[in-house]
Amino acid sequence: MSPLRSLRRPALLACTATVTGALLLSACGSDDGDSGEKSGASATRRITDAQGREVTVPRAPQKVVALSEPTLDAALALGVEPVGATAGRGQSGVSTYLADKAGKAEVVATVAEADMEKLAALQPDLILLDETTGAKKTVAKLQEIAPTVVTAKLNEDWKKSFTDTADALNKKADAEKWLKDFDGRVADVKGRLGDNAGRSVSVIRWQDGAPSVVGKGDGVVGSTLKALGTTRPADQQGASTGHSEPVSLEKLDTIDGDWMFFGTLGDRADGEKAYGQAREVTNFNKLKAQKNQHVVVVQGSAWNSAGGPLSAQVVLDDIEKALAE
């Protein structure tokens, strides 16, 4: 059993107990200058996070908590299953597209905030988050529990966010290889678009009886569509003013495109249900994408995620299946 498992929770919360051993200091976020010369689980290294903080982290973390969608996604892509995780946007558990990989993780946070008591009870040795989550406001408190790394600023390029999260896990080389393989797949799919090359693609989330535009800008969805050479409808170009942009039913025609990728915050089954509701809305059936049977219901939790390598993989899989020859 790891020495961390034997630590009492009060010691983790306050980090004031007089205990012999560098491991406790590391778990409490001590920046004691350890250069990582120790061996085994107690070895540490120093990194500088996205907020410019120097953080001493384990070389081989065993009990990771990921408090944002991108850090959870990135950890799982690298073969690290966190003991604690965040709920997906608008969901009670982890994002449905990650559920099969993160099923053992305890949900200790939402997009808005972390539950400090539940988090501390897990006795983590590393906490990861970025500025897509409200927990960014409590970094000092999180650092009292375990070394805490803010891996990315808000609206950071998802690939850089991924490699920086990987660096905190001491797996940067693995992330770079993953991205090289992903970029190779993008090039392959682009070469097989045929008549769909350059087509306009709309990305819509249906919620509460109306559409919202998602995937604008250079996030996972926007950057992948751009790399494939597709275009976006006029109202879906440029950076987004928020995670999503609601569209009134009176302007339903503005969401049209040659193709439409359609989903909700949940899984594909939830998207199919919403698609049925959309078809009952006046003028939806007049949209070009709908008339041409070019509406593709997707795993919405991935397309609406704050972004990460596994969500990018789902997005590319869906586009390939629908558009590539």
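For the single chain, residues carry numbers from 1 onward in sequence order.
- Nearest approach of Gly271 to Val297, heavy atoms of both residues: C-CG1, 3.6 Å.
- Smallest separation of non-hydrogen atoms from Thr231 and Gly198: OG1-O, 3.6 Å.
- No side-chain N or O of Ser68 forms a donor-acceptor pair with one of Thr133 less than 3.5 Å apart.
- At a threshold of 4.0 Å, the pair Lys288-Asp258 counts as salt-bridged, since one of the basic side-chain nitrogens sits closer than that to a carboxylate oxygen.
- Taking the six-membered ring where the residue is Trp, Trp178 and Phe162 present perpendicular rings, their angle passing 60° and hence far from 30°.
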- Item | Intermediate values then yes/no, salt bridge (Lys or Arg N to Asp or Glu O under 4.0 Å), Asp181 and Arg185 | CA-CA 6 Å; Asp181 293 343; Arg185 274 202 63 208; over 6 Å; no

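- Side chain to side chain, Gln51 and Arg53 fail the donor-acceptor criterion of an N or O pair below 3.5 Å.
- With salt bridges taken as basic N to acidic carboxylate O contacts below 4.0 Å, none links Asp317 and Lys321.
- A donor-acceptor pair under 3.5 Å links the side-chain atoms of Asp267 to the main chain of Ala269, judged by distance alone.
- Here the side chain of Asn170 pairs no donor or acceptor atom with the backbone of Ala60 at under 3.5 angstrom.
- Put simply, the side chain of Gln123 reaches to within 4.5 Å of the side chain of Lys63, judged on heavy atoms.
- A 4.5 Å side-chain heavy-atom check between Leu179 and Trp158 finds at least one atom pair inside the cut-off.
- Put simply, Val57 and Val80 are part of the same group of oily side chains (I, L, V, M, F, W, Y) that touch within less than 4.5 Å, one to the next.
- Considering all non-hydrogen atoms of both residues, Leu316 and Thr224 come closest at CD1-CG2, 4.3 Å.
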- Start with the C-alpha distance between Lys273 and Gln277, add both sets of side-chain angles, then the distance that settles side chain to side chain contact (heavy atoms under 4.5 Å, CB included), and finish with yes or no. CA-CA 7 Å; Lys273 181 179 179 181; Gln277 295 170 350; 4.1 Å; yes

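- Listed by chain and number, the residues in a ring pair (Phe, Tyr, Trp, His ring centres under 6.0 Å) with Tyr97 amount to none (sequence neighbours excluded).
- If you take CG on Asn196 and CD on Glu325, they are separated by 7.5 Å, rounding to the nearest 0.5 Å.
- A donor-acceptor distance shorter than 3.5 angstrom exists from the side chain of Thr110 to the backbone of Glu113, with no hydrogens or angles considered.
- Under a 3.5 Å cut-off, the side chain of Asn285 and the backbone N or O of Arg279 do form a donor-acceptor pair.
- Rounding to the nearest 0.5 angstrom, the gap separating the CG atom in Leu126 from the OG1 atom in Thr44 is 12.0 Å.
- Side-chain contact of Gln236 with Ser202: a donor-acceptor pair under 3.5 Å is present, judged by distance alone.
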- Query: Run the salt bridge (Lys or Arg N to Asp or Glu O under 4.0 Å) check on Arg268 and Asp318 step by step: do they pass?
  - Reply: CA-CA 11 Å; Arg268 185 173 280 105; Asp318 288 340; 3.2 Å; yes

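- Aromatic rings of Phe261 and Trp303 (six-membered ring for Trp) have centroids within the 6.0 Å cut-off, being under it.
- Under the 4.5 Å side-chain heavy-atom criterion for grouping Ile, Leu, Val, Met, Phe, Trp and Tyr, Trp259 is connected to Val189 within one hydrophobic cluster.
- By the rule that hydrophobic residues join a cluster once side-chain heavy atoms approach within less than 4.5 Å of another member, Val214 and Trp206 end up as members of separate clusters.
- Under the 4.5 Å side-chain criterion, counting only non-hydrogen atoms from C-beta, Leu119 is in contact with Leu142.
- Counted within 6.0 Å of CG on Asp195, heavy atoms from surrounding residues, nucleotides or ligands total 12 or fewer; the atom is thus considered open.
- Between Glu106 and Leu122, the shortest heavy-atom contact is OE1-CD2, 3.4 Å.
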- Would you check, one step at a time, whether the test side chain to side chain contact (heavy atoms under 4.5 Å, CB included) holds for Val247 with Val213? CA-CA 7 Å; Val247 179; Val213 170; 3.8 Å; yes

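- Looking at Glu156 and Asp130, their side chains never come closer than 4.5 Å, going by heavy atoms from C-beta outward.
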- Task: Kindly determine whether Val108 and Leu67 satisfy side chain to side chain contact (heavy atoms under 4.5 Å, CB included), including the steps that lead there.
- Result: CA-CA 8 Å; Val108 295; Leu67 295 181; 4.0 Å; yes

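- Formation of a donor-acceptor pair under 3.5 Å by the Glu69 side chain with backbone atoms of Ser305 is not found in this model.
- By the 4.5 Å heavy-atom criterion applied to side chains, Val281 and Leu249 are counted as neighbours.
- Residues Leu154 and Leu128 do not share a hydrophobic cluster, defined by chaining ILVMFWY side chains whose heavy atoms lie under 4.5 Å apart.
- The distance from atom CG of Asp183 to atom CG of Asp188, rounded to the nearest 0.5 Å, is 12.5 Å.
- Rounded to the nearest 0.5 angstrom, Lys171 NZ and Glu176 CD are separated by 13.5 Å.
- Side-chain atoms of Asp49 come within 3.5 Å of backbone N or O of Val150 as a donor-acceptor pair.
- In this structure, Arg232 and Leu225 have side chains that are in contact, with non-hydrogen atoms separated by less than 4.5 Å.
- The minimum heavy-atom distance linking Val94 with Ala99 is given by the pair CG2-CA, 3.8 Å.
- The shortest distance between side-chain heavy atoms of Asp256 and Pro233 does not fall below 4.5 Å.
- Side chain to side chain, Thr165 and Thr151 meet the donor-acceptor criterion of an N or O pair below 3.5 Å.
- With values rounded to the nearest 0.5 angstrom, Lys291 atom NZ is found 9.0 Å from Lys286 atom NZ.
- Put simply, the side chain of Ser223 gets close to the backbone of Gly219: a donor and an acceptor are under 3.5 Å apart.
- With 3.5 Å as the limit, one finds a donor-acceptor pair spanning the side chains of Thr96 and Gln299.
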- Task: Let me see the working for Glu131 and Asn155 under side chain to side chain contact (heavy atoms under 4.5 Å, CB included), right down to the final yes or no.
- Result: CA-CA 8 Å; Glu131 293 190 351; Asn155 298 323; over 6 Å; no

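- Side chains of Ser244 and Arg205: a donor on one and an acceptor on the other come within 3.5 Å.
- A salt bridge is absent between Glu81 and Lys104: the closest approach of a Lys/Arg side-chain nitrogen to an acidic carboxylate oxygen does not fall below 4.0 angstrom.
- With hydrogens and angles disregarded, a donor-acceptor distance shorter than 3.5 Å links the side chain of Asp73 to the backbone of Ser311.
- In this structure, CG in Leu287 is found 13.5 Å from NE2 in His294, a value given to the nearest 0.5 Å.
- Side-chain polar atoms of Thr264 and Asp270 form a donor-acceptor pair below 3.5 angstrom.
- In this structure, the side chains of Val55 and Thr148 stay at 4.5 Å or more apart for every pair of heavy atoms.
- A salt bridge links Arg192 with Glu320: the distance from a Lys NZ or Arg NE/NH1/NH2 to an Asp or Glu carboxylate oxygen falls below 4.0 Å.
- Nearest heavy atoms, Thr86 versus Val111: OG1-N, 4.0 Å.
- Taking hydrophobic clusters as Ile, Leu, Val, Met, Phe, Trp and Tyr residues chained together by side-chain heavy-atom distances below 4.5 Å, Ile319 does not share a cluster with Met260.
- Between Asp167 and Arg45 there is a salt bridge, since at least one side-chain N of the basic residue sits less than 4.0 Å from a carboxylate O of the acidic one.
- Ion pairing between Asp218 and Lys159 fails under the 4.0 Å rule for side-chain N and carboxylate O.
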